[in-house]
Amino acid sequence: MMTDLSPVTLQVSLVAKAAGDLALTYLAKGFSTHSKGGADFATEADDAVDAFLRKELSQNFPGTDFLTEETAPDEYVSFIEKERLWVIDPIDGTTNFSRGSTHFAISIALVEKGRPVLGVVYLPLEQKLYSAERNTQSSRLNDLPIQVSQVSALQEALVCCDWSWEIEKRTATHQALAKILSSVRAVECRGSAASDIASVASGNIDAYFNYGLKPWDCAAALLIAEKAGAGIMSLQGNEWSVFSPDLLVTNGKIDAELHHYFL
């Protein structure tokens, strides 16, 4: 790993902003959609931004492999051991994007053997750029340091979740919510894992969980959250990686109390 990743982060941030501009052109002119199976779908913008990011990052950082939402194979376990891997979600929160909501993000992470070493999450309509590197001790929002919230009482916590496309995982989410609803202040579902995990990093929410994460949903945001002081764990209590589908991310102060609802 490079000792100083800040020049890489700067370049990736510029690419993410350019990708955001591209996504916004589709919001302005309209776009088609296509099914990915079941309730899942993608838009013309997802495909265009995905292609743009792969092209730009290949030119700037040749020789690094890609795992992206729109090009990933059905089975990608072999990617776990990749020494250097770009993990990308061109538009995280496609449903929100397709409905004109501001809550969607472009997510770019550089991953080494399942652990992110660089992460950039950009919300183009909100003009929020989150970033972090493994070899530093802070995360940033628009170049200003951020930290997780100081909420330490579960009954004061704002918790976010998401619904997987898989019915079994939706059922697990429903069962977990039934357990925790009476113990927290509020529960929301905002529809963008990258944006929500980054919101844990900036203290806007206190915890986030998901039973159906893909690496591209969370790789960049997990590093941003970790460097802002978040606690990250598998819902089953195992060591986490970006390839762990079931994760809980908290402000590090309510993790033990909240985690037992999932065991």
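Side chains included, hydrogens not; waters and symmetry mates left out as well; all remaining heavy atoms used.
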Any donor-acceptor N/O pair, [X] side chain to [Y] backbone, under 3.5 Å:
| X | Y | answer |
| --- | --- | --- |
| Asp246 | Lys169 | no |
| Arg185 | Val159 | no |
| Asp65 | Leu85 | no |
| Ser244 | Ser241 | yes |
| Asn210 | Cys161 | no |
| Asn96 | Arg190 | yes |

* Asked: What is the distance from atom CD1 of Ile106 to atom CG of Asp50, rounded to the nearest 0.5 Å?
  ->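 Going from CD1 on Ile106 over to CG on Asp50, the span is 11.0 Å.
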
* Structure fact -> Separation between OH (Tyr208) and SG (Cys189), nearest 0.5 Å, reads 7.5 Å

Consider only side-chain heavy atoms of I, L, V, M, F, W and Y, link residues closer than 4.5 Å, and tell whether [X] and [Y] are in one cluster.
| X | Y | result |
| --- | --- | --- |
| Leu129 | Leu141 | no |
| Leu181 | Leu235 | yes |
| Leu118 | Phe66 | yes |
| Ile91 | Phe41 | no |
| Leu213 | Trp163 | no |

* Is Lys227 paired with Glu133 through a side-chain N to carboxylate O contact shorter than 4.0 Å? -> no

* Asked: Salt bridge between Glu44 and Lys29, side-chain N to carboxylate O under 4.0 Å?
  ->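 Not counted as a salt bridge, because no side-chain N and carboxylate O are separated by less than 4.0 Å.
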
* Apply side chain to side chain donor-acceptor pair (under 3.5 Å) to the pair Asp196 and Ser199, showing each step before the final yes or no. => CA-CA 5 Å; Asp196 290 344; Ser199 291; 4.9 Å; no

* Please test Glu226 against Arg134 for salt bridge (charged side-chain N to carboxylate O under 4.0 Å, His left out), starting from the C-alpha separation and ending with a verdict. => CA-CA 9 Å; Glu226 182 182 52; Arg134 170 65 59 192; 2.7 Å; yes

* **Sub-6.0 Å ring centroid separation between Phe31 and Tyr26** =>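 Not close enough - the centres of the two rings lie 6.0 Å or further apart.
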
* To do: Only pairs at least two apart or in different chains count here, so list each salt bridge (Lys or Arg N to Asp or Glu O under 4.0 Å) that has a residue in residues 88-101.
  => none

* Look at the rings of Phe104 and Phe97 and say which category their plane angle falls in: under 30° parallel, 30 to 60° tilted, over 60° perpendicular. => perpendicular

* **Side-chain H-bond candidate by donor/acceptor type, Ser234 with Gln236, under 3.5 Å** =>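 Yes, Gln236 and Ser234 have a side-chain donor paired with an acceptor closer than 3.5 Å.
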
